[in-house]
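Structure, as structure tokens:
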Amino acid sequence: GKEGAARALHTLSSRQQKRMITVNCPAMPENILESELFGYSRGAFTGAEKDKKGLFMEADCSTILLDEIADIPISIQTKLLRVLQEKEIQPLGQNKTIPIDVRIIASTNQNLEEKIASGEFREDLFYRLNVVTVTMPSLDNIREDIPLIANHFLERYKKKYNRPTLSIASDGLDFLCKKQWQGNVR
């Protein structure tokens with residue numbers, strides 16, 4: 001799926017020596033997402049007892065995947081736009097900025113043009129992010145890949161659960177290939 005494609009882009013890049021950072025944007029509340037992305041200084045808010053390096057700093061000279069970017073609140077979109085334009089971040093509680101060099105990969109399963117029209121996504125951020133678009137087809141469009149994907153997961157779980165003799169029955173594989181798939185691999 002999307003994360004696999006992002007990992008492939010990272011692995012094939014000159015940034016591959018550093019770890020790619022993945023952020024599941026809708027999994028975090030707005031205030032936590034902001035502090036996780038940009039970091040914070042001691043005393044920036046109640047409970048901030050020490051400085052915390054944000055995920056953008058962790059991804060410096062590497063790649064950060066912002067998964068499901070359409071769910072980021074407008075206030076964070078504004079700060080993200082600054083990262084793209086100025087190539088710097090400002091941790092919470094600091095009045096200075098820190099330069100960073102990060103490749104940003106953003107993914108979504110939502111229609112961003114519709115989100116822009118409804119005022120839920122910044123148009124300027126969309127155009128800053130939309131440099132190269134990679135569309136991931138649904139399984140219905142790539143049925144010939146279903147046996148490859150099924151065998152990939154079979155091999156992964158054979159190792160994980162130490163079950164080297166597991167296999168997929170041919171009628172099970174036929175079922176998967178004939179099934180109507182609504183979306184991607186997940």
Side-chain angles (χ1 to χ4, degrees), residues 1-137 183-184 186:
K2 297 176 292 198
E3 187 172 342
R7 288 205 180 280
L9 288 170
H10 175 71
T11 301
L12 294 170
S13 77
S14 61
R15 297 170 183 260
Q16 67 179 308
Q17 272 67 28
K18 291 201 71 181
R19 179 174 69 104
M20 182 178 104
I21 304 296
T22 301
V23 183
N24 181 357
C25 297
M28 291 184 240
E30 180 177 351
N31 59 335
I32 294 174
L33 179 60
E34 182 177 5
S35 64
E36 285 296 312
L37 288 176
F38 306 111
Y40 55 83
S41 294
R42 180 176 177 262
F45 52 84
T46 303
E49 297 176 7
K50 60 181 181 175
D51 291 354
K52 180 177 182 352
K53 192 159 96 170
L55 294 172
F56 273 105
M57 284 299 296
E58 292 286 332
D60 194 29
C61 299
S62 188
T63 304
I64 190 166
L65 168 62
L66 300 176
D67 193 20
E68 296 304 339
I69 195 160
D71 295 320
I72 290 179
I74 293 286
S75 62
I76 296 177
Q77 290 177 35
T78 303
K79 293 178 181 189
L80 183 55
L81 183 62
R82 180 167 179 84
V83 172
L84 289 163
Q85 288 175 329
E86 306 300 328
K87 299 184 182 348
E88 61 188 22
I89 61 164
Q90 184 173 355
L92 296 170
Q94 285 192 16
N95 56 8
K96 64 176 183 157
T97 59
I98 301 167
I100 57 166
D101 173 21
V102 177
R103 171 189 290 131
I104 297 174
I105 299 175
S107 69
T108 186
N109 63 5
Q110 298 180 51
N111 184 324
L112 288 179
E113 286 91 350
E114 288 177 5
K115 300 266 295 184
I116 291 167
S118 69
E120 297 174 75
F121 200 84
R122 290 182 60 122
E123 186 174 18
D124 49 358
L125 177 59
F126 172 78
Y127 287 112
R128 287 277 183 188
L129 289 169
N130 196 24
V131 176
V132 175
T133 301
V134 177
T135 303
M136 300 299 297
N184 63 16
R186 186 178 307 162

> Which side-chain hydrogen bond (donor to acceptor under 3.5 Å, both in side chains) pairs, counting each pair once, include a residue from residues 84-95, with sequence neighbours left out?
Replying inline: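 Every side-chain hydrogen bond (donor to acceptor under 3.5 Å, both in side chains) pair that includes a residue of residues 84-95, provided the two are not neighbours, is S41-Q94, R82-E88, E88-T97.
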>> Show me the pairs that pass side-chain hydrogen bond (donor to acceptor under 3.5 Å, both in side chains) and involve residues 51-60, at least two apart or across chains.
In response: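 Pairs touching residues 51-60 that pass the test: none.
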[atom1] of [X] to [atom2] of [Y]: how many Å apart, nearest 0.5 Å?
X	Y	atom1	atom2	value
L37	I72	CG	CD1	6.5 Å
N111	I116	CG	CD1	8.5 Å
L81	D124	CG	CG	4.5 Å
I69	Q77	CD1	CD	7.5 Å
L125	I76	CG	CD1	11.5 Å

>> Show, in sequence, the C-alpha distance, side-chain angles and deciding distance for L80 and F56, and conclude whether the side-chain contact (heavy atoms from CB on, under 4.5 Å) test is met.
In response: CA-CA 10 Å; L80 183 55; F56 273 105; 3.5 Å; yes
Heavy-atom side-chain proximity of [X] to [Y] below 4.5 angstrom:
X	Y	value
M28	V23	yes
I104	R128	no
N24	E3	no

> Who pairs with F121 by ring pair (Phe, Tyr, Trp, His ring centres under 6.0 Å), at least two apart in sequence or on another chain?
Replying inline: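 Ring pair (Phe, Tyr, Trp, His ring centres under 6.0 Å) list for F121, sorted by chain: empty.
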>> Holding to ring pair (Phe, Tyr, Trp, His ring centres under 6.0 Å), I want the full list of residues that pass it with F45, two or more places apart in sequence or in another chain.
In response: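 Only Y40 meet the ring pair (Phe, Tyr, Trp, His ring centres under 6.0 Å) criterion with F45.
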Least distance between heavy atoms, [X] atom then [Y] atom:
X	Y	answer
C25	L33	O-CD2, 4.1 Å
R7	T22	NH2-OG1, 3.5 Å
H10	Q16	O-CB, 3.6 Å
G119	I74	O-CD1, 3.8 Å
M57	I89	CG-CD1, 3.5 Å
P26	D67	CD-O, 3.7 Å

> Any donor-acceptor pair under 3.5 Å linking the side chain of T63 with the backbone of A59?
Replying inline: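 A pair under 3.5 Å: no.
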> What pairs with S62 under side-chain hydrogen bond (donor to acceptor under 3.5 Å, both in side chains), at least two apart in sequence or on another chain?
Replying inline: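 Partners of S62 under the side-chain hydrogen bond (donor to acceptor under 3.5 Å, both in side chains) test: none.
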> For A70, what residues pass the side-chain contact (heavy atoms from CB on, under 4.5 Å) criterion, not counting sequence neighbours?
Replying inline: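 side-chain contact (heavy atoms from CB on, under 4.5 Å) list for A70, sorted by chain: T108, Q110, L112, K115.
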> Would K2 and I105 count as a side-chain contact (heavy atoms from CB on, under 4.5 Å) if you check the C-alpha gap in whole Å, the side-chain angles of each, and the deciding distance to 0.1 Å?
Replying inline: CA-CA 10 Å; K2 297 176 292 198; I105 299 175; over 6 Å; no
